[in-house]
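What follows is one structure encoded as structure tokens, with my remarks underneath.
These numbers come from a predicted model, not from an experiment. Numbering starts at 1 and runs along the sequence shown.
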Amino acid sequence: MSKVTTPDEAVADIPDGATIALGGVHSHNSPMALVNALIRRGVKDLELIPTPSAGPPVDMLIAAGAVRKLHVSYVGLEFLGLAPNFRRAAQEKTIEIVEGDEAYVVYGFRAGASRLPFLPLPPLYEGTDLPKVNPMIKTTTDPYTGRTVTTIPALRADYGLFHAQVADRKGNTQIFGQRRFEDVMAKASDHVIISSDEILDEYAPAPDPRIVSIPGAIVERVAHAPYGAHPLSSPGHYGYDRDQLVEYRDLAVAGDTAKYLKEYVHSVDDHAGYLERIGVTRLLGLRQTFR
């Protein structure tokens, strides 16, 4: 049965207060079409667990007032500096922040994907203050050696949102470019939603299992979203839109992200309207990056 839908329909059932695992690394492979749809819906009180290299989607959700709690390793705009809305929210304590490094996020999701209560690590944090600001990082005694080990608690999400370059109608997903561990994040999510630049025709050959990033068996919905990562990049398909990212950064620094959201999110009805707002000439120009 086909799982193909639109970005807005894909996130229509995500309730206030949901915990969301958010894919994407720095300036690429972020599910921007799904994030825009969430913001248009006005979802509130989300708990976000993004990849260790989170970027504009997290900053936008914070600016939209959609975030209650954030597990954070890093949130930035990469070559454009730190994420202004995240920094402002942290300074003003308007959202709850769970401080975690890359190991906390990666091993937390691995434990969650394996349905384990925690994962033990060597005592990595003895030289840091992280356990002081994150009481979820604890130590215990290795029952086999008697040595002290650090434990990372399991992280699980109600929904996992990811962007892919290619997917078939059953949800078999191929993610190109630099990937973190979207497959593990997906397995640690109760509901997996994919946005994809391309959906394979039903008569096309099935994707090679060796290059499937997330198997269709655990995917609930696939949103057809050409340029679904814009203004970020989708490796092999299009580059990032530097001009729009600069526009976002400047408005965010000035504390006027609401203007950006009004222009590109709230004033359009859906993802098709968003693409019309950006313009076909500008979008096609981004593909030149990969010629």
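In the model, D197 has a side-chain atom that pairs as donor or acceptor with a side-chain atom of S234 under 3.5 Å. No side-chain donor from either of Y74 and D101 sits under 3.5 Å from a side-chain acceptor of the other. A donor and an acceptor atom, one from each side chain of H71 and E99, are nowhere located under 3.5 Å apart. Defined by atom type and a distance below 3.5 Å, a donor-acceptor pair is present between the side-chain atoms of N29 and Q165. Between the side chains of S73 and E102, not a single donor N or O lies within less than 3.5 Å of an accepting N or O.
Shown here are the side chain to side chain contact (heavy atoms under 4.5 Å, CB included) partners of R242, two or more places apart in sequence or in another chain: F79, Y240, V246. For T6, the side chain to side chain contact (heavy atoms under 4.5 Å, CB included) criterion is met by D8, E9, not counting sequence neighbours.
Closest of all the heavy-atom pairs between A164 and I194 is CB-CG2, 4.0 Å. For the residue pair P31 and L22, the shortest heavy atom distance occurs at CG-CD1, 3.8 Å. For G171 against V219, the heavy-atom pair with the smallest separation is O-CG2, 3.4 Å. Here the shortest heavy-atom pairing between D59 and A83 reads OD1-CB, 3.2 Å.
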Handout entry: CA sep, side-chain torsions, deciding dist, call: S213, D183, side chain to side chain donor-acceptor pair (under 3.5 Å)
Key = CA-CA 6 Å; S213 308; D183 57 332; over 6 Å; no
Handout entry: Candidate pair S189 and R156, rule side chain to side chain donor-acceptor pair (under 3.5 Å), full reasoning
Key = CA-CA 6 Å; S189 302; R156 284 197 61 85; over 6 Å; no
Exercise for the section: Run the numbers on K132 and D129 for salt bridge (Lys or Arg N to Asp or Glu O under 4.0 Å), then give the verdict. Expected result: CA-CA 5 Å; K132 296 179 182 178; D129 289 328; 3.3 Å; yes
Practice task
Kindly determine whether H224 and E198 satisfy side chain to side chain donor-acceptor pair (under 3.5 Å), including the steps that lead there.
Solution key: CA-CA 7 Å; H224 186 204; E198 296 182 11; over 6 Å; no
Practice task
Go through the steps to decide whether H163 and S30 satisfy the test side chain to side chain donor-acceptor pair (under 3.5 Å), and finish with yes or no.
Solution key: CA-CA 6 Å; H163 182 73; S30 291; over 6 Å; no
Exercise for the section: Apply salt bridge (Lys or Arg N to Asp or Glu O under 4.0 Å) to the pair R221 and D13, showing each step before the final yes or no. Expected result: CA-CA 11 Å; R221 301 167 194 164; D13 296 334; 2.8 Å; yes
Problem - E220/K3 under salt bridge (Lys or Arg N to Asp or Glu O under 4.0 Å): CA gap, chis, key distance, verdict - result: CA-CA 7 Å; E220 191 168 291; K3 301 176 182 179; over 6 Å; no
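Between the S196 side chain and the A167 main chain, a donor and an acceptor come within less than 3.5 Å of each other. At least one donor-acceptor pair closer than 3.5 Å links the side chain of R88 to the backbone N or O of A252. R277 contributes no side-chain N or O that, together with a main-chain N or O of A272, makes up a donor-acceptor pair within less than 3.5 Å. No donor-acceptor distance shorter than 3.5 angstrom exists from the side chain of K93 to the backbone of A90, with no hydrogens or angles considered. Although no hydrogens or angles enter the test, the distance criterion places no donor-acceptor pair under 3.5 Å between the side chain of T150 and the main chain of T139. With hydrogens and angles disregarded, a donor-acceptor distance shorter than 3.5 Å links the side chain of D16 to the backbone of K44. Panel note: side chain T145, backbone R147; a donor-acceptor pair is recorded below 3.5 Å. When atom types are taken as modelled, the side chain of S114 and the backbone of L116 share no donor-acceptor pair closer than 3.5 angstrom. Under a 3.5 Å cut-off, the side chain of D142 and the backbone N or O of G146 do not form any donor-acceptor pair.
No continuous path of ILVMFWY side-chain contacts below 4.5 Å connects Y104 to F118, so the two sit in separate hydrophobic clusters. A single hydrophobic cluster is not seen to contain both V149 and I137; linkage of ILVMFWY side chains at heavy-atom distances under 4.5 Å, directly or through other members, places them apart. Linking Ile, Leu, Val, Met, Phe, Trp and Tyr residues whenever their side-chain heavy atoms come within less than 4.5 Å leaves I62 and V253 in two separate clusters.
A 6.0 Å sphere centred on CZ of R87 holds no more than 12 heavy atoms belonging to other residues, nucleotides or ligands.
A perpendicular orientation is assigned to the rings of Y248 and Y260, their planes being inclined by more than 60° (bins at 30° and 60°).
Ring centroids of Y274 and H230 are separated by less than 6.0 Å, placing the two rings close together.
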